[in-house]
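First comes the structure, then the notes that go with it.
Every chain is numbered from 1, with letters handed out A, B, ... down the list of sequences. For clarity, every value in this text was computed on a predicted model and none was experimentally measured.
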2 protein chains.
Amino acid sequence: MSLSSNSSSKGKQPVFMPLYKQVEEQIKSRILNKEWKPGDVLPNEFSLADEFGVSQGTVRKSLNALTMQGTLIRRQGVGTFVAEQSDKQENTSQFPIVRNGRRPEKTEIAFIRQTVKFAGLALQTQLKLDSSDKVLEIVRKRIFRQQICAVEYIYLPLKYFPELSNNAKLPDDIHQFLQTQYSMTIHNLVDEVRATPSNQDVSQWLGVKPNTPLIEVTRICSSLDETPFEYRLIYSQTDNFHYRHEGTY
Amino acid sequence: MSLSSNSSSKGKQPVFMPLYKQVEEQIKSRILNKEWKPGDVLPNEFSLADEFGVSQGTVRKSLNALTMQGTLIRRQGVGTFVAEQSDKQENTSQFPIVRNGRRPEKTEIAFIRQTVKFAGLALQTQLKLDSSDKVLEIVRKRIFRQQICAVEYIYLPLKYFPELSNNAKLPDDIHQFLQTQYSMTIHNLVDEVRATPSNQDVSQWLGVKPNTPLIEVTRICSSLDETPFEYRLIYSQTDNFHYRHEGTY
DNA sequence: AAGTGGTCTAGACCACGGA
DNA sequence: CCGTGGTCTAGACCACTTC
């Protein structure tokens, strides 16, 4: 196989895409097509170079770029793999609510309930659904050492995950589950944080007085092809916890 | 000049540092020493390669790494520059409070007051100060089109910025100012978000009823050498605004 | 036209992990 | 031991900016 020449007449702007970028896109699309699934090993650099008709150094540049984006994992002496959910959780603290003065810690999960519902308005707009689409709603608590730290509402569209309509309880690690069942991994996410008075339900679950100020984190997770596939609401009191984000410029 | 051989007997673990990493550290330290200041142009790749006694490709790898960390800016046909504050603000949305359903937008600033104080407890721990250290406190409002969106308390230690003790009002773009005056640029930051009832002062400034639930963002900015040099508290109501964070895995 | 960074190649050698 | 990715080099050519 060989890559396209550098000028294209499709768009208005002729698109100049360097070889390493083209290789990157090719690899990405094979992952999207599930030719290569999470955990799979890719051919080595020289095989890929042959296949794409470029030099090994060019392939290397693509693989390293995808590794930095978190799509691939490279292990010296072993090979290059499609990243699994578990690989990603090491780097970025999956769950953003942490104890004051601490780094992210592992949480326990206490299941409350799960139901299939029609998508409400917020879900329709954020997950690109319409009013006839259904979602699985999961409600559960996050706990650090007997201390209830947050309540989560998780919404998964049946459009993408049809088998969830049966009432089998999902495992605690939902993203792990979605990855093994649907080869769906998080590629990026958007968090919006607001302050809101605690409502009846959440107050009970968190063990706080109604109208206590809580933070409400709205999290939307998207896959590699930019499909938003999960909507999540997280409620937490912030006497002992906070939402945390650390960034490098 | 030439770099150290790959094995060192200083630490407990013999440290193997690849050449490109050593070059990276060298360049970083020259920036810290203010040999190269924000906005300065670096020598070209071949000059640096000569100077460090490595090949041009190795220097390139270092420069690209530092570019991705936001420390340098490279412009084809022109040269490689030490990043300025203005370069950084383009990539990462400096100010994290945005209107609902929007991307980050430019805000106006309304000055309220500024005072020199002794550092309180939170400041002492977070900025590594002691009780005799003084800070400049700046209080001001953030405004989107006549709509007050947030109140900011900004704390700058006189330890790092001694000339601020005179009562001259600082310009709106504080980071721009700190960069030109002190060659101090943000390298990373930590945000902690909590929910809190609005107090008397903030209620007035934001124009909300006392005890309205607000978000409180505690932001600590650090420089390239990991010195935390600014502590900031941001208060905002979240009927029309929210704290936003977008991340790629 | 001169000088910069950007892309691409080809090949050498090293370090690591597993059989 | 072999095969993998990691580092490093040297050199060619391209694209962009400035003069």
Side-chain angles (χ1 to χ4, degrees), chain A residues 1-8 13-27 36 39-83 87, chain B residues 1-8 13-27 36 39-83 87:
Chain A
M1 136 166 223
S2 175
L3 298 173
S4 71
S5 73
N6 241 356
S7 63
S8 141
Q13 312 266 355
V15 185
F16 292 93
M17 197 186 280
L19 289 179
Y20 73 85
K21 204 73 187 164
Q22 294 183 46
V23 171
E24 209 177 306
E25 294 304 320
Q26 289 286 335
I27 293 173
W36 293 328
D40 285 359
V41 59
L42 269 60
N44 70 41
E45 297 180 341
F46 286 97
S47 312
L48 289 170
D50 272 1
E51 190 179 351
F52 291 121
V54 300
S55 78
Q56 173 257 3
T58 301
V59 169
R60 169 166 293 232
K61 189 162 182 181
S62 312
L63 294 178
N64 284 337
L66 288 165
T67 300
M68 277 191 298
Q69 293 165 37
T71 306
L72 300 177
I73 301 286
R74 309 199 75 181
R75 284 196 286 150
Q76 182 174 166
V78 186
T80 303
F81 303 82
V82 180
D87 298 317
Chain B
M1 138 167 219
S2 174
L3 299 172
S4 72
S5 71
N6 241 357
S7 63
S8 139
Q13 312 267 356
V15 185
F16 292 94
M17 197 186 280
L19 290 179
Y20 74 84
K21 203 73 189 161
Q22 294 184 47
V23 171
E24 208 178 307
E25 293 305 319
Q26 289 286 334
I27 293 173
W36 294 327
D40 285 0
V41 60
L42 269 60
N44 70 40
E45 297 180 340
F46 286 98
S47 312
L48 289 170
D50 273 0
E51 190 179 353
F52 290 121
V54 300
S55 79
Q56 174 256 2
T58 300
V59 169
R60 167 164 295 231
K61 189 162 183 182
S62 312
L63 295 177
N64 284 337
L66 287 165
T67 301
M68 277 188 300
Q69 295 166 37
T71 306
L72 300 178
I73 300 285
R74 308 198 76 182
R75 285 196 285 150
Q76 183 175 162
V78 187
T80 303
F81 303 83
V82 180
D87 298 317

> Can you check whether B:I27 reaches B:L42 side chain to side chain, under 4.5 Å on heavy atoms?
Replying inline: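 Yes. Closest side-chain heavy atoms under 4.5 Å.
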Between [N] ([atom2]) and [X] ([atom1]): distance, integer Å:
X     : N     : atom1 : atom2 : answer
A:I73 : D:dG5 : CD1   : P     : 14 Å
A:F46 : D:dG5 : CZ    : C1'   : 10 Å
A:E45 : C:dT9 : CD    : C1'   : 14 Å
A:L48 : D:dT4 : CG    : P     : 11 Å
A:L72 : D:dT4 : CG    : C1'   : 15 Å
B:M17 : D:dG6 : CE    : C1'   : 16 Å
A:F81 : D:dT4 : CZ    : P     : 11 Å

> Looking across every strand, which nucleic acid part, if any, lies under 4.0 Å from A:Q56 by heavy atom: base, sugar-phosphate, or nothing?
Replying inline: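 Nothing, no nucleic acid heavy atom in range.
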> What nucleotide among C:dT7, D:dG5, D:dT9 has an atom nearest to a side-chain atom of B:L19?
Replying inline: D:dT9
Phosphate contact ([N] OP1 or OP2) by [X] side-chain N/O below 4.0 Å:
X     : N     : result
A:Y20 : C:dC8 : no
B:R75 : C:dG5 : no
B:T80 : C:dG5 : yes

> 5'-most contact on DNA chain C: A:S55 or B:P43, nearest heavy atom basis?
Replying inline: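 Upstream on the strand: B:P43.
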>> If the condition is side chain to side chain contact (heavy atoms under 4.5 Å, CB included), which residues does A:V41 pass it with, not counting sequence neighbours?
In response: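 Result, side chain to side chain contact (heavy atoms under 4.5 Å, CB included) vs A:V41: A:F81.
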>> Run the side chain to side chain contact (heavy atoms under 4.5 Å, CB included) test against B:Q76 and tell me which residues pass, sequence neighbours left out.
In response: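 B:Q76 satisfies side chain to side chain contact (heavy atoms under 4.5 Å, CB included) with no residue once adjacent residues are dropped.
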Run the side chain to side chain donor-acceptor pair (under 3.5 Å) test against [X] and tell me which residues pass, sequence neighbours left out.
X     : result
A:D40 : none
B:S62 : none
A:Q56 : A:E45
B:T58 : B:S55

Protein and nucleotides 1-3 of chain C: nitrogen or oxygen contacts under 3.5 angstrom:
residue, atom, partner, partner atom, Å
C:dG3, N2, B:G77, O, 3.2

>> To the nearest 0.5 Å, what is the distance between OG1 on A:T80 and CH2 on A:W36?
In response: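 Taking OG1 in A:T80 and CH2 in A:W36, the distance rounds to 10.0 Å.
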>> Any residue in residues 58-68 of chain B with a heavy atom nearer than 4.0 angstrom to DNA chain D? Just list them by number, or reply none.
In response: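 Nucleic-acid contacts, sorted: B:T58, B:K61.
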Can you give each donor-acceptor pair under 3.5 Å made by side-chain atoms of residues 66-73 of chain A, sequence neighbours left out, with the distance rounded to 0.1 Å?
residue, atom, partner, partner atom, Å
A:T67, OG1, A:L63, O, 2.7
A:Q69, NE2, A:E24, OE2, 2.9

